[in-house]
Amino acid sequence: MKLLLVHADYMEYEAKKATKIAEDVDEGRKSMRVEEPLVAFVAVEKGDDEKVAEKAVSEIRAVAKKVGAERVVLYPYAHLSSNLSSPELAIRLLKMMEEKLSDLEVYRAPFGWYKAFKISCKGHPLSELSRELRSQQVEELDEKELTQALRDEEKAKSYWYILHDGKLVSVEEFDFSNYPKLKKFADYEISKRRAVDRVPPHVELMKRLQIADYEEASDSGHMRYYPKGRLVKSLLEEFVTRKCVEYGAMEVETPIMYSRDHPTLRRYLERFPARQYIIKGDKREFFLRFAACFGQFLMCSDAVITYRNLPLKIYELTRYSFRKEQRGELVGLRRLRAFTMPDMHTIVKDMEQAKKEFMNQYRLSVETLRAIGLTPEDYEVAIRVTKDFYEENKEFLKEISEILKKPILIEMWDRRFFYFVLKFEFNFVDALDKASALSTVQIDVENAERYDISYVGKDGEKKRPYILHCSASGAIERCIYALLEKAYMNAERGKPPMLPVWLSPVQVRVIPISENFLDTALEVAEKLNKRLIRADVDDRDETLNKKVRDASTEWIPYVAVIGKKEVEEGKLTVTIRAESELEKQKRVKMSVEELIDRIKKECEGMPFKPLPLPVKLSERPSFR
RNA sequence: GCCGCCGUGGCUUAGCUGGUAGAGCGGGUGAUUCGUAAUCACCAGGUCGCGGGUUCAAAUCCCGCCGGCGGCUCCA
């Protein structure tokens, strides 16, 4: 409940027009003039109850006494709050307040009317006071929900710079004319400016391409993935996992839910500004993990680690991580409540080793994204750092900035309020100029202590390590989002949209010119599939034109037409999407072997999974 | 979470100053067997997001809820 108390020479009001929620009032109460009142403007809020009303009454009584007012005007004033209760409750509480104050002279202005009023405020020091009253329940709830980190963040002050060619300039002074995307990103980060009111293109695409879709039967932000989507996701998952394992990480698996009462976890939760899903068990309450930190840190806490083992890397692909993001923030594959994130933690013995690993993992992230199909032109780099760390490590940050030779957005904090001192992110800027983080690495200086993680040094003494958090690609779903948005932006420039060949659910579509060539087409497809290339056959009774069109709208990279000419020549006529324009297709004659070689070369080193659907289109369901 | 806009067959949508739903795609059947971006015909398919209310009558008006999008907020 919000109260605004005004001690006045007089107050007069007149009810003009009833709203839908207006209470019935006698003619006599519709207008009023009261001399020397204490006017209490009141807004009843959600969660308010009788106790709150009582508190309000004693508050009003106290102030009335203090200023020597004998008359009180209770004036419903909705504009004090953006969290109003129902009108019914408001009227009930107002009437109750009126009654409890009846030892004074009380006037209650009618609820739910447009009213004109005049007031003459006395202007002495106590003549204007405001009060905010809340039910105990609501207070406790707020206390629970607002973690320390969320509160701290509100207080944190950021300073923004651009680091370029080893020089740090403030954002205001930086000349963005050659870096329009960085400008968009900086605007997005600093001023939070948005220029759009459209459905993001990838949402339409993920549905149309039968990759993913909303699942209304679940909570918002939990998607369903169709066979093609599952394939794409699964390939990305396998690839990023492989990258991390090759980098030297040991893959582990940890639970997805943890006790809320566990003392260590509890303190960690308080440092992490995220909202959790809470699961009620028989006796205890659990929360769903929002990253793999919990399981991995607990594992490391119990492990015996010596200096010889460092840097020690462990990795898990979280399927899933859960974050109860606010409703208004959820969009397509960009921001979810359940998502898959590669999460690698590296235990290092000191800051020197931490920096070295940070640099390595920066490079690892660049490589990982590049292989996925996202080049440095597709994202912008942000570094978040405490002022102290920056001052002591200017040279190091300069080296970092030289890896990609791109200007970097720096956010500097005058004090540390997160668990890390340094962090980078690669931020994808989408078709609507919105930015979201993909890869990220952080140097954590807090959690080794909190989780009691230690290693034995050369001298036999237990020592505290630092920990790096690394997500080499960012959330897998977000990678798909970025690829779809990128394809859309390409299409706007006249380039046929497509996924990288290794991620394309169907890599080759074989189209027989008529039923007479269906068997040959099936043979070709079989040959391709045996050589680990995803090929299917459009065996539907449709015209050639129709089949070509459909193959194109599915973004299939290679479309091979087979008819009399091809059978005679022993070659396929292949339309190569990557080399085509939207207006004119690039068509090449090649043998099956040549096609295989070409695709093999393109997909070298990348994971493969077989076609997730029947080879014949006629046998394939449509999921939408 | 707050505010705004939206929600019609599997998909895209017309109808919305109230008078009990119309199309295209997709699907089925038949014809057609085709040389690079939508072959033709016929048929089936709709609790108009859900729940209340107003009305003789609601897809259409009102209220609540759910879902989507956008803004605010926030972002590991």
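Labels below follow one simple rule: chain letters A, B, ... track the order of the sequence lines, proteins then strands, and each chain is numbered from 1. The analysis underlying the following values was restricted to heavy atoms, covering all of them including side chains, and did not include hydrogens, waters or symmetry mates. Because the structure is a prediction, the values reported are computed rather than measured.
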Measuring to OP1 and OP2 of B:U12, would you say a side-chain N or O of A:Arg624 lies under 4.0 angstrom away?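 Checking A:Arg624 against B:U12: at least one side-chain N or O falls below 4.0 Å of OP1 or OP2.
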
Counting only side-chain nitrogens and oxygens, does A:Ser552 get under 4.0 Å of the OP1 or OP2 atom of B:U36?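 So the side chain of A:Ser552 is outside the cut-off, no N or O lying under 4.0 Å from OP1 or OP2 of B:U36.
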
Would you mind reading off the distance between [X] atom [atom1] and [N] atom [atom2], rounded to a whole angstrom?
X: A:Phe294; N: B:A76; atom1: CZ; atom2: P; result: 15 Å
X: A:Phe517; N: B:U33; atom1: CZ; atom2: P; result: 14 Å
X: A:Ile383; N: B:A76; atom1: CD1; atom2: C1'; result: 17 Å
X: A:Ile511; N: B:A37; atom1: CD1; atom2: P; result: 11 Å
X: A:Asp433; N: B:G71; atom1: CG; atom2: C1'; result: 16 Å
X: A:His469; N: B:A76; atom1: NE2; atom2: C1'; result: 9 Å

Listed nucleotide nearest any side-chain atom of [X], set [options]:
X: A:Val561; options: B:A37, B:G70, B:G35; answer: B:G35
X: A:Tyr214; options: B:G68, B:A76, B:U33; answer: B:G68
X: A:Glu425; options: B:A76, B:A38, B:C69; answer: B:A76
X: A:Lys565; options: B:G35, B:U36, B:G71; answer: B:G35
X: A:Leu544; options: B:A76, B:U36, B:G67; answer: B:U36
X: A:Arg323; options: B:A76, B:U39, B:G35; answer: B:A76
X: A:Arg549; options: B:A38, B:U33, B:G70; answer: B:A38

[X] and [Y] ion-paired at < 4.0 Å:
X: A:Arg384; Y: A:Glu425; value: yes
X: A:Arg335; Y: A:Glu325; value: yes
X: A:Arg598; Y: A:Glu579; value: yes

Going by modelled atom types, is there a donor-acceptor pair between the base of B:A76 and the side chain of A:Thr440 at under 3.5 Å?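 Check fails, no donor-acceptor contact within cut-off.
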
Using a cut-off of 4.0 Å on non-hydrogen atoms, how would the nucleic acid contact of [X] be classed: base, sugar-phosphate, or nothing?
X: A:Lys547; answer: nothing
X: A:Arg335; answer: base
X: A:Val559; answer: nothing
X: A:Ser471; answer: nothing
X: A:Lys207; answer: nothing
X: A:Glu325; answer: nothing
X: A:Gly474; answer: nothing
X: A:Thr543; answer: base

Annotated protein contacts, base or backbone, on nucleotides 27-32 of chain B with a non-hydrogen cut-off under 4.0 Å, one of B, S, - each: ----BB

For RNA chain B, report each stem as range with range, ordered by first number, or say none. Use Watson-Crick or G-U wobble pairs under 3.5 Å, at least 3 in a row.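 Ordered by first number, the stems with RNA chain B (at least 3 consecutive pairs each) read B:1-7 with B:66-72, B:10-13 with B:22-25, B:27-31 with B:39-43, B:49-53 with B:61-65.
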
Distance-only side-chain donor-acceptor flag, A:Tyr558 / A:Thr575, under 3.5 Å: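 On atom types as modelled, these side chains do not qualify, holding no pair under 3.5 Å.
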
Would you say the side chains of A:Asn427 and A:Tyr188 form a donor-acceptor pair under 3.5 Å?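 Their side chains do not contain a donor-acceptor pair, so the 3.5 Å distance test is not met.
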
Here's a test of your reading of the structure: between A:Ser622 and A:Ile562, which maps to the more 5' nucleotide of RNA chain B?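 Upstream on the strand: A:Ser622.
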
Which is more 5' along RNA chain B, the nucleotide nearest A:Arg337 or the one nearest A:Gly563? Just name the residue.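 Of the two residues, A:Arg337 wins.
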
Check: A:Tyr488 ring centre within less than 6.0 Å of A:His202 ring centre: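 A:Tyr488 vs A:His202: aromatic centres not under 6.0 Å.
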
Centre-to-centre under 6.0 Å for A:Tyr277 and A:His222, is that the case here?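 Centroid distance A:Tyr277-A:His222: below 6.0 Å, so yes.
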
Sticking with atom [atom1], work out how far [N] lies from [M], rounded to a whole angstrom.
N: B:C63; M: B:U54; atom1: C1'; answer: 11 Å
N: B:U13; M: B:A31; atom1: C1'; answer: 30 Å
N: B:G22; M: B:C61; atom1: C1'; answer: 23 Å
N: B:G45; M: B:G9; atom1: P; answer: 15 Å

Who are the ring-ring contact (aromatic ring centres under 6.0 Å, His included) partners of A:Phe358, not counting sequence neighbours?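 With sequence neighbours excluded, A:Phe358 shows a ring-ring contact (aromatic ring centres under 6.0 Å, His included) to A:Phe424, given in chain and number order.
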
Criterion side-chain hydrogen bond (donor to acceptor under 3.5 Å, both in side chains) on A:Ser504 and A:Trp555, from CA distance to verdict: CA-CA 8 Å; A:Ser504 295; A:Trp555 297 9; over 6 Å; no

Measure up the A:Phe426 and A:Tyr379 rings against each other and bin them: parallel (under 30°), tilted (30 to 60°), perpendicular (over 60°).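 Rings of A:Phe426 and A:Tyr379: parallel, under 30°.
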
